[in-house]
Structure formats: structure tokens, C-alpha cells
Amino acid sequence: MLLPVLGVVGIGICGLAVFWFVTVEVGAVGVLVGALAALLPVALVVGAFLWVDRWEPEPPRLLLAAFAWGACVATLSALLINSTARIAGEAILGEGGGNLVSATISAPLVEEAMKGALLLGLLWWRQREFDGVIDGIVYGGLTAAGFAFTENILYFGRAFEMGGLAGEQGGVLIVFVLRGLLSPFAHPLFTAMTGIGVGLAAASHNPTTRVVAPIGGYLAAAVLHGLWNGSASLGGGLGFLVVYGLIMVPLFIGMIVLIVWQRRREQRVVAAALPGFVAVGWIVPSEVELLASLAGRRGWRRTVRKRSGPEAARAVAQYQALVTELAFLQARMARGSVGPIGHQWRHELLTALVAARARAVAMPDALVAAWQQPPPPGWQPPPSAGPPPAWQRQR
């Protein structure tokens, strides 16, 4: 319990420090205007990543922690180190050199490292929550969304201080078009590269892959970030358009294709595991078709909500999520990407699955609604999660 408390306190302190820095930089009114302008793009980005995370939703507290890490810890670290790099650049290269060093070298390396640190921390301390590439993209995207939210407040606040909402020098409107409409996914796309690397490491049993993949993902994120910053710092408007059209747009399209492919892969993993779950009595045959697709799951919950209310629908949703998590764990154990601890995790999931089914069975029609007919003759919910695994019997 002590570590989570210390983490919350640390993030809170960093958040207060960032708030103080931004307020000193742009003033209280600038912070207010910047925060309001930053809400729309961050809502779009966060909503997109939550949509991606529908097959096996990650724990809300971890998703919130990822966003807060990016918005507070990563931002504060970047502000301090990039400011130092700017001063050093001015001293070494002369006037204008500081901004060049900060934007094209310091910012990409430091910002992507600080955002990626959260992903490595989750892989180390919460390996159970990291099933593969989709989880890496989701956690990386939300961490970067938090970072971009705070950064946008600063940029929008500066624009307001210099040109108002739409003044001759640009103002908030121009900056909003550039950062909020044309490139709201820039930071998430960069950090998603690290997320992909960490996700590959989580899904692999190869020691080399587990080391090389996160490093490769981080380097890809830093290079893309450096190209993006350099396009504005060195190439002017033409450089920005070239990088935007030839790199950012294809990268965005490629990320969509990767996400669709990975989500279909996740669906295949779940569908392949369900017959085995039926064979050992963890689920019933009539639930297989509904559990094998998101549409089937939504229809099941919708029917339960109409018949038995929202509480029963939440119980069924938890049951569905546990079935998915168990299927993913089985696949990871088959690949050898988790050690002996996987047997303990499976036993804990089975215990939770039986408890979730019991809660659903206790509510009228919560599980029967899935069949659209009376329960099969003699059907009873599984009485237990099965015999204890070998690791437990040996104690």
C-alpha cells in the first residue's frame, strides 16, 4: 500500500509544480484559456484510445495514472531538462542555438524517455496487466495525451498572451488549428512506438526481444519526435508540410491498420479459447457465440439491462472481462511469455470468474438472457474454479 500512496503524492507534487510554472509563464487567465482550448483535442485522443481498449479494458486507476504521469511527472521533467539544454545551447552555439538544441535533441530524447518510463514501470511491476501491443499502444497513448494536454495549455496560454484569441500575431485560434486539429495525435503517435516495443517485450519469451524491443521502440519515438520538431524549427512552413504529409499522415494510417489487425488477433485469441473453457465447465456452450465478438457482448449486456437493470448488466460486463483476461493469460502461458507465476494468476482469475458468475446468477435473467430461452436442463453454475494448481498443492 505504501508504494501507490507515495506515487500519488509524487504525481500530485509534480502537478502543483507544473501548475505554478505555467501560471508564472502565461498568467492565470492564460492558464484558463489554454485549459479550455486543450480540452477538445485531449477528449478526442483519450476517447480514441479507450475505444481501442474495448476487448480487455485496462484498470481505470492505471489508465488514470498513465494520463497523470504524462501530464505532471513527464511534463515537469521535460520543462526542467529542456530549459537547461536551452541555456547550454545558447552558451555554446550563440543566439538561437538554445532553441535548436532544445527542440531537436533534448525534447525528443527527454520527453520520450520520461513518457516511456511509465510503460517500463508497468511492465516491471504490473506485468499481469500487459498482454501485448494493444496494451502498449493504449498506455503509451494515454501517457502522451496527458503530456500533450499540459503542453497545449502552455502553448495556447502563450498564444493568448501574445495575440489574444485571434489577433494579428496569430492568437489562440491559429495555434489551436495547428496543434488541436491538424496534429492532436502527434505525441501519442510518438510514444505509441515505445508502447509497441514494450508490448512486444511483454508478449515474448525471448530474452533478446524483451530487451531490444523497448529500446528500439524508444529510439523510433525519439527520431520521429525529433523530425517533427525539426520540421518547424529548421524547415519553416515547407518543412512542416513535407514531414506532415510524408511521415505523420502515413504513420497515422499505419497505426490504424496495426490496431485493427491486433484487435482482430485479440478476437481470434478469445474465440480459440472459449471451446476449452466450455469443456472444463467455466462457461456454458450457449455463451460461446456471444463472448466471441464485441457485438455479441454488447447485445448481451443490453438485453440484461432491459430485463434486470444496470447492476445486472455491470455484473455480466465483469464476467465477460474476466473471460477475456483468462483467454489472454492462457495464450501467454502457451507462448511461454509468463513464468510459473502464470499458474497462480490463472487460479486467481478462475476464482474471480466463479465469483462474478455467482453475482450474475443471483440477479434475475442476468445469465439466462444470453440464451434467449430457458437454461439447459439441469444446468448449474460451476461450483468451483477446479482443483488447485500444482504450485498450491505442493505447499
Side-chain angles (χ1 to χ4, degrees), residues 45-46 48-58 62-63 65-67 69-70 74 108-148 183-228 243 246-269 328 331-332 335-338:
V45 173
V46 170
F49 283 107
L50 293 181
W51 179 85
V52 170
D53 191 39
R54 289 187 300 166
W55 257 115
E56 188 210 9
E58 299 304 308
L62 290 184
L63 297 177
F67 185 89
W69 177 276
L109 293 175
V110 172
E111 293 174 11
E112 296 309 323
M114 292 309 303
K115 288 182 285 183
L118 186 278
L119 302 177
L120 292 176
L122 288 175
L123 180 62
W124 182 263
W125 284 293
R126 299 303 300 267
Q127 184 183 2
R128 184 169 175 174
E129 306 296 342
F130 237 110
D131 295 304
V133 170
I134 287 292
D135 287 351
I137 291 174
V138 169
Y139 281 120
L142 288 177
T143 303
F147 185 95
S183 57
F185 285 93
H187 271 289
L189 280 176
F190 304 148
T191 311
M193 299 297 107
T194 307
I196 291 171
V198 175
L200 290 173
S204 175
H205 68 279
N206 188 305
T208 302
T209 301
R210 294 177 68 86
V211 173
V212 172
I215 295 175
Y218 163 70
L219 292 177
V223 168
L224 289 170
H225 197 156
L227 286 174
W228 177 253
V243 172
L246 297 183
I247 296 179
M248 295 301 294
V249 172
L251 178 64
F252 183 72
I253 295 173
M255 185 63 66
I256 293 175
V257 172
L258 175 63
I259 288 172
V260 171
W261 174 58
Q262 284 292 318
R263 283 190 52 175
R264 289 179 178 175
R265 174 185 167 277
E266 289 184 339
Q267 182 177 9
R268 290 194 297 269
V269 168
F328 286 176
R332 292 175 68 187
R335 291 194 306 267
S337 59
V338 293

Heavy-atom closest pair, residues Met193 and Ala220: CB-CB, 4.1 Å
Test side-chain contact (heavy atoms from CB on, under 4.5 Å) on Leu122 and Asp135 and set out the steps. CA-CA 10 Å; Leu122 288 175; Asp135 287 351; over 6 Å; no
Distance from Leu200 atom CG to Ser337 atom OG, nearest 0.5 Å? 11.5 Å
Which atom names give the shortest non-hydrogen contact between Pro184 and Val45, and what distance separates them? O-CG2, 3.4 Å
Over all atoms of both residues, closest heavy-atom pair of Phe130 and Leu119: CE1-O, 3.9 Å
From Thr143 OG1 over to Leu63 CG, what is the distance, rounded to the nearest 0.5 angstrom? 9.5 Å
Would you compute the distance between atom OG1 of Thr191 and atom OH of Tyr218 and round it to the nearest 0.5 angstrom? 11.0 Å
Less than 4.0 Å between a side-chain N and a carboxylate O, is that true for Glu112 and Lys115? yes
Does Glu111 form a side-chain contact (heavy atoms from CB on, under 4.5 Å) with Phe190? I'd like the steps, not just the answer. CA-CA 10 Å; Glu111 293 174 11; Phe190 304 148; over 6 Å; no
So, the side chain of Ser204 versus the backbone of Arg210: is there a donor-acceptor pair under 3.5 Å, distance only? no
Any donor-acceptor pair under 3.5 Å linking the side chain of Arg335 with the backbone of Ala203? yes
Side chains of Ile196 and Gln262, heavy atoms from C-beta outward: is any pair under 4.5 Å? no
How long is the span from the CG atom in Leu142 to the CZ atom in Phe67, to the nearest 0.5 Å? 8.0 Å
Shortest non-hydrogen separation from Leu109 to Ala222 and the atoms involved: CD2-CB, 4.1 Å
Roughly how far, to the nearest 0.5 Å, is CG of Leu189 from CE of Met255? 5.5 Å
Heavy-atom pair with the smallest gap, counting every atom of Phe328 and Val269: CD2-CG1, 3.7 Å
With rounding to the nearest 0.5 Å, note down the distance linking OG1 in Thr194 to CG in Leu219. 8.5 Å
Ala74 and Phe147: which non-hydrogen atoms are nearest, and at how many Å? O-CE1, 3.7 Å
Partners of Val211 by side-chain contact (heavy atoms from CB on, under 4.5 Å), sequence neighbours excluded? Ile215
Side-chain touch Ile137/Ile259, heavy atoms, less than 4.5 angstrom: yes
Which is it for Leu62 and Tyr139 under the side-chain contact (heavy atoms from CB on, under 4.5 Å) test, yes or no, and what are the steps along the way? CA-CA 8 Å; Leu62 290 184; Tyr139 281 120; 3.6 Å; yes
Is there side-chain contact between Gln127 and Arg332, with heavy atoms separated by less than 4.5 Å? yes
Can you check whether Val260's main-chain N or O pairs, donor with acceptor, with Arg263's side chain at less than 3.5 Å? no
Aromatic rings His225 and His187: how do their planes relate, parallel, tilted or perpendicular, breaks at 30° and 60°? perpendicular
